[in-house]
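Heads up, the thing below is written out as structure tokens.
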Amino acid sequence: MTRQDYDDSDDAAIQDYELLCRTLSFADLGDRLVRLMFDTGPRLDTLRAVFERASATPEELRAAGIAAGRMLGDLDDAIRETGVSMLAITSTAPVEELVRKRRGAYRLGS
């Protein structure tokens with residue numbers, strides 16, 4: 001279904017649909033970020049083995065350092081993009097919805 005499937009007089013259904021879209025977007029962004037972080041762990045373990053090996057050559061150490069820098073850069077980019085995307089999603093949400101969710105989060109965390 002799309003928003004056009006709803007009659008303009010059905011504001012509650014439109015709000016529910018928009019909330020569902022925002023929720024799905026949040027879930028997708030979070031999933032992508034978590035997958036990237038999980039994928040980075042084994043790659044860092046491989047690089048750590050190079051750094052810990054006494055027989056590693058300067059070229060191997062340099063290549064491992066470059067690879068580690070790229071992975072951290074990729075993580076930094078993904079975190080920044082996720083944050084910007086989440087801000088864009090929440091900026092379209094009604095203020096009442098954000099306040100209600102925030103209060104609920106505090107109750108759940110107490």
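All residue numbers in this chain count up from 1 along the given sequence. Because only heavy atoms are used, hydrogens play no part in the values below, and waters and symmetry mates are left out as well, while side chains stay in. None of these values were measured; they are calculated from a predicted model.
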Is the shortest heavy-atom distance from the side chain of M71 to the side chain of L47 under 4.5 Å?
-> yes
To the nearest 0.5 angstrom, please state how far the CZ atom of R48 sits from the CG atom of D45.
-> 4.5 Å
With distance as the sole test, does E60 use its side chain to make a donor-acceptor pair with the main-chain N or O of T57 at under 3.5 Å?
-> yes
Look up atom OG1 in T40 and atom CG in L72, then write down how far apart they are to the nearest 0.5 Å.
-> 8.5 Å
Looking at CZ of R32 and CG of L36, how far apart are the two atoms once the value is rounded to the nearest 0.5 Å?
-> 10.5 Å
Would you call R43 and D39 a salt bridge, using N to O less than 4.0 angstrom?
-> no
Going by heavy atoms in the side chains, are R35 and D31 under 4.5 Å from each other?
-> yes
Rounded distance (nearest 0.5 Å) linking atom CG of L44 with atom CZ of F51 = 9.5 Å
Report, as yes or no, whether the 6.0 Å neighbourhood of atom CZ on R70 holds more than 12 heavy atoms from other residues, nucleotides or ligands.
-> no
So how far is it from T82 OG1 to L29 CG, rounded to the nearest 0.5 Å?
-> 5.5 Å
Could you state the interatomic distance from CG (L24) to CG (D28), rounded to the nearest 0.5 Å?
-> 8.5 Å
